Amino acid sequence: MAKILLKNGRILGMAGDELVTRDILIHENQIEEIGENIVDSEATIIDLAGKFVAPGFVDLHVHLREPGYTHKETIETGANAAVRGGFTTIACMPNTRPVIDTVEVVKEILTKAKAAGKARVLPIGAITTRQLGTEHTNFEALQEVGIFALSDDGVGVQSSQMMREAMRRAKKLGLPIIAHCEDDTLVKGGVVHEGKFAAKHDLTGMPSLSESIHIGRDILLAEDTGVHYHVCHISAKESVRLVREAKSRGQKVTAEVTPHHLLLCEDDIPDVDANWKMNPPLRAKEDREALIAALLDGTIDFIATDHAPHSEEEKAAGIELAPFGIVGLETAFPLLYTHLVKTGQFTLRRLVELMSTKPAERFNLPYGKLEAGQLADITVIDLEQEQEIDPKTFLSKGRNTPFVGWKTQGWPTLTIVDGKVVWSA
C-alpha cells in the first residue's frame with residue numbers, strides 16, 4: 001500500500017494568511033494525517049523545504065480540443081498543462097468535433113484522460129445536438145456515462161424555449177446548466193469589445209449587452225425551473241448586477257471569472273494582436289473593477305481559466321480572422337498571486353478558495369479540501385520563485401497568451417492527484 005510523506009510543507013493556519021509548518025501523510029489516494037513531525041517508516045519521503053501546500057486547483061472551464069482539433073490540443077497535452085499549473089481536476093467543454101453530445105464521445109474522453117494519468121477530467125455534455133440549438137441531446141444517457149453538467153459553451157443557446165426546456169429536464173436529473181451567454185444578433189462580426197479600442201482601430205465591437213441580455217433571460221428561466229444555473233466567464237458590470245440581484249433573492253445562480261478578465265481591460269491591448277482576442281472580449285476598465293469587487297463580495301463564485309489553445313498559424317491570421325481564445329492553465333496561479341495577492345487586493349487564503357475550494361463546493365464535487373480523510377489532490381507552490389512567462393516552456397500545444405514576458409511569482413513545483421505524483425518541476 002503506497003504511502004507518501006510530505007515533510008516540512010507550509011499550509012494555511014486557522015486564520016488569515018498565517019502559514020504553519022506541517023507534514024502530510026498520504027496513504028493510497030487519501031490524506032491520512034496532517035501534523036507535526038510525522039514519522040512513517042513505510043512512506044516515501046518528499047521534503048518540501050518550506051514550500052506552500054494547497055488543495056489541488058479545480059478548473060471547471062477548459063477546452064481540450066479532442067476529438068477533432070488535435071493540432072490545437074489533446075486530452076493528454078491539456079492534462080499535462082493542467083498539472084503543471086497545479087490543477088488536479090478540470091472540466092472540458094463540449095465544442096469539439098464531434099461535439100460531446102453522444103455516449104461514445106464521453107466514453108472516449110474518459111478513456112483517454114485515464115490513459116494520460118494526469119489531471120482528472122470531467123466531461124461537460126452539450127445541451128443541444130452538434131450545439132446547433134435546435135434539438136436537445138439525450139441528457140439521461142450522457143449523465144449515465146459520466147458528464148457532470150450541460151453546456152453549449154462556445155455558442156449561446158439562442159432560443160428561450162430550448163433553454164427553458166433544457167433547464168426543466170436538467171433540474172429533474174440534478175444536472176447544472178452552464179451557460180455561454182451571448183445574443184448572436186448583437187455580436188455578428190465582432191472581434192473586440194465595443195469600446196475605445198474598437199473605435200480607434202475601426203473594428204466591429206461586441207457590446208456588453210450581448211452577454212447581459214442572455215444572463216437576464218436565463219436567470220428568469222432558471223427561477224421558473226429551479227435549476228442550478230451557472231454563468232461562464234462573466235465579463236461585464238451589467239452582468240454582475242444581474243447575478244448579484246438573483247443571489248439576493250436566494251436563487252441558485254453561480255458565476256465564474258477568468259484570470260485575464262481580472263487582470264486586463266481594453267486599455268491594455270497594445271495593438272491589433274490576435275493573442276489579445278478572446279470571447280468574451282476584454283472590456284472597459286470599469287468592467288474589470290466590477291469583476292474584482294464581485295469576486296471579493298461573493299457575487300462571483302470562483303475563477304476558471306477558459307483555457308482555449310489554438311495553433312500559431314491560426315492566431316497569425318490577424319485579429320479579424322483569428323479564432324477567439326487564449327491559454328491559461330499553466331499561468332493562472334502565478335499571475336493572480338503576483339497581481340492580486342502580492343498587491344494586497346486578495347489574501348492568499350481567498351485565492352486558494354477561489355481556485356480550489358469554491359468551484360468544488362458550488363458543484364458538489366469531492367475535491368478542494370486539504371484535510372485528513374479527504375482525497376489526496378495536492379498542489380505544492382514555491383511562493384518565492386519568480387520567472388517570466390515563456391510560451392516556449394508550455395506543456396500545452398497552445399502558445400496563445402497575451403502575458404508573454406510578464407514577471408510572475410509563485411510557481412507550482414509538485415502536483416499530486418489521487419495520491420500519485422503526476423508532475424514535479
Side-chain angles (χ1 to χ4, degrees), residues 56-66 69 72-73 75 78-79 81-83 85-96 99-100 109 113 119-127 131 147-157 175-182 211 214-215 218 228-235 239 243 253-263 278-282 291 294-295 300-310 323-333 335-336 354-365 367-368 396 398 400-401:
F57 302 147
V58 177
D59 190 346
L60 297 185
H61 190 148
V62 305
H63 298 270
L64 296 182
R65 303 303 189 198
E66 189 176 12
Y69 300 114
K72 301 173 188 275
E73 191 79 288
I75 291 166
V83 294
F87 291 94
T88 54
T89 300
I90 55 176
C92 59
M93 286 296 179
N95 58 337
T96 50
V99 169
I100 306 178
I109 289 166
R120 183 182 297 104
V121 176
L122 308 178
I124 298 173
I127 294 173
Q131 295 184 289
I147 67 160
F148 91 104
L150 292 157
S151 180
D152 267 6
D153 183 61
V155 292
V157 176
L175 285 170
I177 291 285
I178 298 176
H180 173 111
C181 299
E182 188 171 52
E211 173 182 280
H214 260 209
I215 290 175
D218 288 352
H228 172 194
Y229 171 68
H230 178 73
V231 179
C232 286
H233 43 47
I234 194 167
S235 70
S239 302
V243 171
V253 174
T254 55
E256 70 191 38
V257 65
T258 71
H260 45 279
H261 286 108
L262 291 171
L263 301 180
M278 63 282 291
N279 189 13
L282 298 176
L291 297 174
L295 202 54
I300 298 174
D301 296 85
F302 57 82
I303 294 167
T305 67
D306 192 12
H307 175 80
H310 296 290
F324 293 99
I326 65 171
V327 292
L329 283 168
E330 295 172 75
T331 57
F333 184 85
L335 278 167
L336 295 168
L354 293 166
M355 293 184 68
S356 181
T357 313
K358 293 301 180 185
E361 282 181 355
R362 294 298 186 265
F363 282 81
N364 298 313
L365 299 170
Y367 316 124
S396 168
N400 46 307
T401 175

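What's counted below: heavy atoms across the whole structure, side chains too, no hydrogens, waters or symmetry copies. Note that this is a predicted model, so its numbers are computed, not measured.
Remark: the Thr258 side chain and the His260 side chain contain an N/O donor-acceptor pair separated by less than 3.5 Å. Under the 3.5 Å distance criterion, with hydrogens and angles disregarded, a donor-acceptor pair is assigned to the side chains of His230 and Thr254. For the residue pair Asp153/His61, the side-chain donor-acceptor check at 3.5 Å is satisfied.
Separation of atoms CZ (Phe87) and CD (Glu330) is listed at 10.5 Å; rounding is to 0.5 Å. Going from atom CZ of Phe302 over to atom CZ of Arg362 covers 8.5 Å, rounded to the nearest 0.5 Å. In this structure, the separation between NZ on Lys358 and CG on Asp301 is 8.5 Å, given to the nearest 0.5 Å. Distance check, rounded to the nearest 0.5 Å: OG1 of Thr305 to CG of Leu60 gives 10.0 Å. One distance of note links CG of Leu295 with NE2 of His261; it measures 13.5 Å at 0.5 Å rounding. The distance from the NE2 atom of His228 to the CG atom of Leu175 is 11.5 Å, given to the nearest 0.5 Å.
The minimum heavy-atom distance linking Pro281 with Ser235 is given by the pair O-CB, 4.5 Å. The nearest pair of heavy atoms linking Gly78 to Leu329 is O-CD1, 3.7 Å. Smallest separation of non-hydrogen atoms from Leu291 and Ile300: O-CD1, 3.7 Å. Of all the heavy atoms in Ile178 and Ser151, the pair that sits closest is O-OG, 2.7 Å. Contact record, Leu150 with Ile124: C-CG2, 4.0 Å, taken as the closest heavy-atom pair. Looking at every heavy atom in both residues, Ile326 comes nearest to Thr401 through CB-CA, 4.4 Å.
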Kindly determine whether Phe333 and Ile303 satisfy side chain to side chain contact (heavy atoms under 4.5 Å, CB included), including the steps that lead there. CA-CA 10 Å; Phe333 184 85; Ile303 294 167; over 6 Å; no

In sequence, state the C-alpha distance, the side-chain angles, and the governing distance for Leu64 and Glu66, and then conclude on side chain to side chain contact (heavy atoms under 4.5 Å, CB included). CA-CA 6 Å; Leu64 296 182; Glu66 189 176 12; 5.5 Å; no

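Taking 4.5 Å as the limit, every side-chain heavy atom of Asp59 sits out of range of all side-chain heavy atoms of Pro359. At a threshold of 4.5 Å between non-hydrogen side-chain atoms, the residues Tyr69 and His310 do not count as touching. Taking the side chain as every heavy atom from C-beta outward, Ile234 and Glu211 approach each other to under 4.5 Å. Two residues are said to be in side-chain contact when any heavy atoms from C-beta on lie closer than 4.5 Å; Ile100 and Cys92 meet this criterion. Between Asn364 and Phe148, every side-chain heavy-atom pair lies at or beyond the 4.5 Å cut-off. Taking the side chain as every heavy atom from C-beta outward, Asp306 and Glu256 never approach each other to under 4.5 Å. Cys181 has its side chain within reach of Asp218: a pair of non-hydrogen atoms, C-beta onward, lies under 4.5 Å apart.
The one candidate from Arg65, His63, His307 that meets the side chain to side chain donor-acceptor pair (under 3.5 Å) condition with Glu73 is His307.
Using cut-offs of 30° and 60° on the angle between ring planes, the pair His180 and His233 is perpendicular.
Of the possible donor and acceptor atoms, one in the side chain of Gln131 sits under 3.5 Å from a partner among the backbone N and O of Asp152. In this structure, the side chain of Asn279 does not engage the main chain of Gly154 through any donor-acceptor pair within 3.5 Å.
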